[in-house]
Structures are given as C-alpha cells and as structure tokens.
Asker: 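This structure is in structure tokens; I'll ask about it shortly.
Sequential numbering from 1 along the given sequence is applied to the chain's residues. What you see is a predicted model, and the numbers here were worked out from it, not measured in a lab.
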Amino acid sequence: MQRFIALLAMVAFIGFGVAQRAHAQDATFSVQCQTDAIVFLLDGTPVIQVSKAQAATALQSATTLQQNQLIVRGSTFSVFALKSNELQVHFNSDPDGTKFIVSADICGTLAAPGVGTGGGGGVAVAVAE
C-alpha cells in the first residue's frame with residue numbers, strides 16, 4: 001500500500017493568516033502564515049518555520065536553476081523550495097512518504113530580499129520538534 005496518503009487540502013482563514021491542511025499517514029500537516037514567517041504544524045503543533053525572505057530567495061534559486069533547494073533542515077523535519085515554485089515539508093526519516101507540498105504563494109506573494117521588499121534578510125529557524 002502506498003505510504004503517502006493523497007493530499008487533501010482546504011484553505012481557511014485562522015489566526016494570523018491562511019492555513020493549508022493535508023493528511024500524510026496518520027498526521028495532519030498545516031501551514032500558518034505570520035507577518036515574517038511561514039510556520040509548518042503537525043497536528044496543530046508548530047514543528048518548523050522559515051522566514052518569508054529566506055523562502056523567497058530559495059524559491060527564486062529553485063525556479064531559476066530548475067533544482068530543488070533546501071531552506072532549513074531540522075532534526076526531524078526539513079523544508080525545501082521546489083523547482084515547481086512550491087514549498088515542501090517532510091519528515092527527514094521518510095521524505096517521500098510524508099511530504100506536504102503547498103503553493104509558494106500560500107502566505108501571499110514572496111519577494112526575495114532587495115526585490116520589492118526594501119532589503120533585509122531572514123533566518124530560518126527550526127522549532128520544537
């Protein structure tokens with residue numbers, strides 16, 4: 001049986017922004033948009049986050065080079081910018097079976113530092129895994 005359960009997505013407004021939900025195996029991933037960050041949650045608990053600026057820079061590289069780019073690797077989860085202009089979070093122990101993919105604009109249009117943002121940068125942070 002295929003380990004990855006088809007993504008079931010719905011968009012809803014909660015908290016600070018838009019949430020995208022999907023089921024992977026027995027876990028539910030979601031996204032919470034914050035002012036300067038994109039937070040990935042597992043069963044409602046934040047597990048890893050990236051700054052919008054760092055995501056934008058990685059997405060620009062991924063789409064230009066046509067090669068997926070690591071944004072941040074935590075001890076349990078990682079976030080990638082995909083060449084298809086999407087963001088992916090997955091368990092490091094089973095990246096193909098637990099991946100959760102969302103559109104790059106899930107939290108609004110992302111602009112790389114210095115491109116329409118007035119400059120500045122960000123740091124990706126792994127949170128409570």
Side-chain angles (χ1 to χ4, degrees):
M1 178 176 177
Q2 189 179 48
R3 293 190 70 196
F4 176 74
I5 297 173
L7 292 177
L8 171 64
M10 84 177 160
V11 176
F13 288 96
I14 64 169
F16 293 98
V18 177
Q20 176 95 17
R21 300 182 188 281
H23 299 279
Q25 295 181 327
D26 294 326
T28 301
F29 284 97
S30 59
V31 171
Q32 186 177 45
C33 302
Q34 297 183 349
T35 303
D36 294 323
I38 301 168
V39 180
F40 293 91
L41 301 96
L42 180 64
D43 293 331
T45 302
V47 293
I48 196 163
Q49 74 178 31
V50 296
S51 75
K52 288 182 178 179
Q54 191 163 6
T57 300
L59 283 161
Q60 183 177 11
S61 293
T63 56
T64 300
L65 300 172
Q66 285 297 291
Q67 182 177 356
N68 299 341
Q69 302 291 312
L70 175 67
I71 301 174
V72 64
R73 179 179 297 280
S75 60
T76 305
F77 301 95
S78 293
V79 180
F80 281 82
L82 303 181
K83 61 186 177 184
S84 57
N85 200 35
E86 297 170 303
L87 298 172
Q88 174 182 309
V89 64
H90 63 246
F91 283 99
N92 293 335
S93 62
D94 186 16
D96 291 326
T98 58
K99 63 187 171 189
F100 172 53
I101 300 172
V102 294
S103 173
D105 63 0
I106 186 72
C107 292
T109 302
L110 297 176
V115 180
T117 64
V123 177
V125 179
V127 293
E129 290 193 51

Asker: State which residues pass side-chain contact (heavy atoms from CB on, under 4.5 Å) with Ala81; sequence neighbours excluded, sorted by chain then number.
Answerer: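 If we apply the side-chain contact (heavy atoms from CB on, under 4.5 Å) test to Ala81, skipping adjacent residues, the hits are Ala58, Leu59, Ala62, Gln69, Ile71.
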
Asker: Using 0.5 Å steps for rounding, measure from the CG atom of Leu87 to the CD1 atom of Ile106.
Answerer: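 Rounded to the nearest 0.5 Å, the CG-CD1 separation comes out at 9.0 Å.
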
Asker: Could you report the tightest heavy-atom contact between Val72 and Leu70, atom names first, then the distance?
Answerer: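 The answer is O-CD1, 3.5 Å.
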
Asker: Asp36 and Ser51: side chain to side chain contact (heavy atoms under 4.5 Å, CB included), yes or no, with the steps?
Answerer: CA-CA 6 Å; Asp36 294 323; Ser51 75; 5.8 Å; no

Asker: Rounded to the nearest 0.5 Å, what's the gap from CZ on Phe40 to CD on Gln88? Could you check?
Answerer: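 Nearest 0.5 Å value for the CZ-CD distance: 9.5 Å.
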
Asker: Got a sec, which residues hit side-chain contact (heavy atoms from CB on, under 4.5 Å) with Asp105, two or more places apart in sequence or on another chain?
Answerer: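 So Asp105 forms a side-chain contact (heavy atoms from CB on, under 4.5 Å) with Ser103.
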
Asker: Residues in side chain to side chain donor-acceptor pair (under 3.5 Å) with Ser78, at least two apart?
Answerer: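 Residues passing side chain to side chain donor-acceptor pair (under 3.5 Å) with Ser78: Arg73, Asn92.
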
Asker: Identify the two heavy atoms, one from Phe91 and one from Leu42, that lie closest to each other, and give their separation to 0.1 Å.
Answerer: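 Nearest pair, atom of Phe91 first, then Leu42: CZ-CD2, 3.6 Å.
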
Asker: Tell me whether the rings of Phe100 and Phe29 are parallel (<30°), tilted (30 to 60°) or perpendicular (>60°).
Answerer: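 Parallel.
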
Asker: Over all heavy atoms of both residues, which pair between Gln34 and Gln49 is shortest? Give the atoms and the distance, please.
Answerer: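 Taking Gln34 first and Gln49 second, the nearest heavy atoms are OE1-OE1, 4.5 Å.
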
Asker: Do side-chain atoms of Lys52 reach the backbone of Cys33 as a donor and acceptor pair under 3.5 angstrom?
Answerer: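 Between the backbone of Cys33 and the side chain of Lys52 there is no qualifying donor-acceptor contact (under 3.5 Å).
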
Asker: Testing the basics here: between Thr63 and Gln66, what is the closest heavy-atom pair and its distance to 0.1 Å?
Answerer: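 Closest pair (atom of Thr63, atom of Gln66, distance): O-NE2, 2.9 Å.
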
Asker: List the atom of Ile38, the atom of Cys107, and the distance in Å for their closest heavy-atom pair.
Answerer: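 Taking Ile38 first and Cys107 second, the nearest heavy atoms are CG1-SG, 3.9 Å.
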
Asker: Please round to the nearest 0.5 Å and tell me the distance separating atom NE2 of His90 and atom CZ of Phe80.
Answerer: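 His90 NE2 to Phe80 CZ: 5.0 Å, rounded to 0.5 Å.
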
